[in-house]
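The structure appears right after this line, and notes come after that.
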Protein chains: 2
Amino acid sequence: MSKKITIYDLAQMLNVSPATVSRSLNNHHSISDATKKRILEKAEEVGYRTNKFAANLSNQKSNTIGVIVPRLNSYFMSTVLAGIEQVANEVGYNLIISQSLESEEKEKINAKTLLDSGVDALLVSLANDSKDYKHFEHFTTRKIPLLFFDRVIDLPHCPTILIDNLSAGYEAGKHLIEQGCTNLMHISGNLKRKLYEDRYKGFKNALLEHQLEINDYTLIETDLDPKNIQSVIETITGSPKKIDGIFVASDNYAANCIKELKKAGIRVPQDIKVVGFNNDPVSEIISPNLTTINYPGHKMGVLAGESIIAHLKGSINLQSTNTILLRHQLITRESSSN
Amino acid sequence: MSKKITIYDLAQMLNVSPATVSRSLNNHHSISDATKKRILEKAEEVGYRTNKFAANLSNQKSNTIGVIVPRLNSYFMSTVLAGIEQVANEVGYNLIISQSLESEEKEKINAKTLLDSGVDALLVSLANDSKDYKHFEHFTTRKIPLLFFDRVIDLPHCPTILIDNLSAGYEAGKHLIEQGCTNLMHISGNLKRKLYEDRYKGFKNALLEHQLEINDYTLIETDLDPKNIQSVIETITGSPKKIDGIFVASDNYAANCIKELKKAGIRVPQDIKVVGFNNDPVSEIISPNLTTINYPGHKMGVLAGESIIAHLKGSINLQSTNTILLRHQLITRESSSN
DNA sequence: TTGAAAGCGCTAACAC
DNA sequence: GTGTTAGCGCTTTCAA
């Protein structure tokens with residue numbers, strides 16, 4: 001902002017008051033069309049650009065929405081962000097995006113920075129690490145709307161958007177059982193996060209319902225980082241009772257599992273059937289194609305964006321809606337077929 | 001920002017002037033440690049939060065960097081963004097990210113919005129569509145640093161960060177030739193963008209150097225969207241001379257090609273050898289594993305972030321550096337083996 | 001329909 | 001080392 005043409009300059013050029021210029025620029029109704037037109041044209045002509053700093057200061061709002069995600073470079077998350085960005089962009093909101101990199105510490109700092117930056121609202125998907133949520137209180141006390149998606153926590157007045165992980169887990173388990181698996185394993189993400197806990201619970205429910213054994217091999221908690229996959233493979237191959245069905249909490253990890261299992265001479269789906277999660281494009285690239293749960297990331301982003309913007313514009317009150325559940329769907333492919 | 005405690009409030013509580021408070025908060029040297037401490041403590045105690053709008057207005061800077069990318073949900077791009085975010089976050093810069101969705105129109109609007117938002121600098125990867133670059137002139141005339149990465153354009157005073165696509169294309173072609181391919185094809189992205197043009201040029205150079213024929217089947221231009229892959233497969237299978245080597249401008253597309261080729265009964269690498277681009281994780285998931293060119297996305301993001309921030313802090317002058325070339329690398333895997 | 005003027009909260013030049 | 005004060009550029013109440 002250095003070629004400083006202000007509303008004062010415009011006012012002077014046109015022999016009107018700055019107030020009139022300001023009103024015209026904001027399309028205020030109490031200005032005659034004639035002067036409005038005159039001012040707008042002049043503004044265009046001299047290349048006037050509004051100074052948002054000043055407008056923000058005066059308005060106490062920024063037309064900016066803050067986003068905190070664990071990391072933005074996963075297929076799922078970047079898809080969600082793309083959805084949020086799209087709707088925000090359309091209605092003229094800016095998006096400030098920051099990553100917690102799974103660290104509660106960074107999440108806190110990010111929240112603080114975004115608060116200071118004067119975001120009008122905050123969208124959050126939690127870090128695995130986070131146990132304490134005081135850093136979000138500043139937002140609620142200041143009545144800055146706060147919405148959680150995917151990795152959520154139940155905070156008063158904060159709506160959440162997610163899928164029904166419990167039933168998704170159940171469906172995955174049930175499907176494997178129906179395909180004839182009797183010795184099942186779940187490879188989970190960080191169980192501190194409710195979505196992973198729920199997926200496991202649902203999965204376990206399916207086992208219980210079919211009177212299948214639950215033992216030390218039923219659940220492995222991981223960070224879902226393929227780097228550390230080897231120990232998981234060893235656990236699978238080392239199980240006393242041969243494992244014949246695996247439900248993995250992410251497609252990416254599942255694809256890597258399949259790859260390593262194949263290397264270890266274990267056939268998928270003949271020896272072990274696999275169900276992933278997310279419906280990542282990789283699920284259709286891996287051979288065999290991966291059975292998975294479709295998780296509508298883009299839609300989630302769009303919905304999160306739309307909800308928060310509608311709330312900001314006053315057209316709906318988010319505080320009352322507490323949870324929005326998106327529809328998921330089991331997609332069966334080769335990795336679990338008979 | 002509704003629980004409004006200002007520096008005036010603090011000043012009053014402590015019987016000092018607002019200026020002293022401001023200076024203390026900014027750790028100005030001309031303030032005695034004693035008062036500084038007193039003020040900082042009080043600020044903490046009453047939960048004072050600085051109002052960035054006011055600070056920005058006064059400073060004429062926002063500590064914010066704008067980013068425009070074609071879309072943020074590709075593996076490569078989200079990796080770059082993760083890199084940018086990481087360095088920006090570390091030094092207290094915010095990132096406003098927007099997508100052009102490959103449309104010049106949206107790119108223009110995004111640029112305008114970011115300009116108005118008062119970003120201190122702008123990082124851009126161009127939309128395929130863009131032919132006109134006037135929308136970036138506002139930045140250069142206002143001396144707002146502008147840096148292009150990946151999909152770049154040569155604008156005066158604007159540094160660019162990219163890899164040597166010419167030699168990357170050459171290496172890919174040469175590799176296929178060395179593997180015994182004689183009838184080669186390149187599946188390119190939008191040739192309006194120089195990086196794709198360069199990849200093809202390099203590839204062609206390899207063919208010319210080995211006196212291989214260049215014909216209508218040597219080059220297919222696509223949007224690299226797997227949705228429209230079928231026509232490409234038909235072109236491949238319909239070629240009068242059997243194509244035995246393909247260089248694809250993205251791993252994702254290459255993986256889908258391999259998948260479809262396999263469906264069509266064509267064996268990779270026996271019948272056709274394939275080289276991709278990016279070293280996307282999918283390249284190690286697809287079977288056969290994909291030979292590819294490693295493209296250091298995260299590093300590119302980090303470098304872009306570091307460069308622009310160093311420039312903003314005055315420690316280097318970016319205008320003089322015109323182009324930063326990152327090192328790429330051919331990674332040979334099964335898809336091109338003998 | 002338009003204008004005058006008082007903020008919005010912070011910074012920094014200039015005094016003391 | 002600290003205080004006074006004049007901006008930064010826009011919005012908006014109140015008055016005309």
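Order of the sequence lines fixes the chain letters, A, B, ..., with proteins taken first and strands second; residue numbering starts at 1 for each chain. Values below: all heavy atoms of this structure, side chains included; hydrogens, waters and symmetry mates excluded.
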- request: For the pair B/Glu102 and B/Arg151, find out whether any cationic side-chain nitrogen is under 4.0 Å from an anionic carboxylate oxygen.
  value: yes
message: Five pairs per end, C1' atoms only: what is the angle between the end axes of the helix from C/dT1-D/dA16 to C/dC16-D/dG1, to 10 degrees?
response: 30°
field: Set of side-chain contact (heavy atoms from CB on, under 4.5 Å) partners for B/Lys37, sequence neighbours left out
entry: B/Glu41
Candidate pair A/Thr35 and A/Ser32, rule side-chain hydrogen bond (donor to acceptor under 3.5 Å, both in side chains), full reasoning: CA-CA 6 Å; A/Thr35 45; A/Ser32 75; 2.8 Å; yes
- request: Measure the distance from NZ on A/Lys4 to P on D/dG9 and round it to the nearest whole Å.
  value: 6 Å
task: Nearest whole angstrom, please: distance from the P of D/dT11 to the OH of A/Tyr8.
output: 10 Å
field: Residue mapping more 5' on DNA chain D - nearest nucleotide basis, B/Ser32 or B/Asn59
entry: B/Ser32
task: To the nearest Å, give me how far apart CG (A/Leu57) and P (D/dG9) are.
output: 12 Å
query: Where does the chain B footprint on DNA chain C start and end, counting 5' to 3' with a 4.0 Å heavy-atom cut-off?
result: C/dG9 to C/dC14
task: Any side chain to side chain donor-acceptor pair (under 3.5 Å) involving residues 76-88 of chain A? Give me the pairs, sequence neighbours left out, ordered by first then second residue.
output: A/Glu85-A/Asn89, A/Glu85-B/Gln99, A/Gln86-A/His298
message: Taking the basic N atoms (NZ, or NE/NH1/NH2) and the acidic carboxylate oxygens, is any pair closer than 4.0 Å for A/Lys134 and A/Glu137?
response: no
Nearest non-hydrogen partners of A/Met300 and A/Asp150, listed with the distance: SD-N, 4.0 Å
query: In whole Å, what is the span from the CG atom of A/Asn63 to the C1' atom of D/dT11?
result: 15 Å
field: A/Ala54 or B/Ser58, whichever maps to the more 5' nucleotide of DNA chain C
entry: A/Ala54
message: What I'd like to find out is whether the side chain of A/Asp9 reaches to under 4.5 Å of the side chain of A/Tyr48, using heavy atoms alone.
response: no
message: How many whole angstroms separate atom CG of B/Asn15 from atom P of D/dT4?
response: 11 Å
- request: Give the minimum heavy-atom separation between B/Pro156 and B/Thr140, together with the two atoms involved.
  value: O-CG2, 4.4 Å
- request: Using a heavy-atom cut-off of under 4.0 Å over every strand shown, decide if A/Ile31 touches base, sugar-phosphate, or nothing.
  value: sugar-phosphate
message: I'd like to know if the side chain of A/Arg193 reaches the main chain of A/Ser130, judged simply by a donor and an acceptor atom lying under 3.5 Å from each other, with no hydrogens or angles considered.
response: yes
query: B/Lys37 has an atom NZ; how far is it from atom P of D/dG1, in whole Å?
result: 17 Å
- prompt: Can you tell me how far the CG atom of B/Asn51 sits from the CD1 atom of B/Ile7, to the nearest 0.5 Å?
  reply: 10.0 Å
query: D/dC8 phosphate, OP1 or OP2: any side-chain N/O from A/Thr6 under 4.0 angstrom?
result: no
message: I need the CG-P distance between B/Leu14 and D/dG1, as an integer number of Å.
response: 18 Å
field: Euclidean distance, atom CZ of residue B/Phe53 to atom P of D/dT11 [Å, nearest integer]
entry: 13 Å
task: Name the nucleic acid region contacted by B/Ser30, choosing base, sugar-phosphate or nothing; use a 4.0 angstrom heavy-atom cut-off, strictly under.
output: base
query: Any donor and acceptor pair, going by atom type alone, linking the side chain of B/Ser24 with main-chain N or O of B/Thr20 inside 3.5 Å?
result: yes
- request: Give me the residues of residues 18-27 of chain B where at least one heavy atom lies under 4.0 Å from an atom of DNA chain C, by number, or none.
  value: B/Ala19, B/Ser22, B/Arg23, B/Asn26
- prompt: In chain order, what residues pass the side-chain contact (heavy atoms from CB on, under 4.5 Å) check against A/Asn56, with sequence neighbours excluded?
  reply: A/Lys52, A/Ser62, B/Phe53
- prompt: D/dC10 phosphate, OP1 or OP2: any side-chain N/O from A/Tyr48 under 4.0 angstrom?
  reply: yes
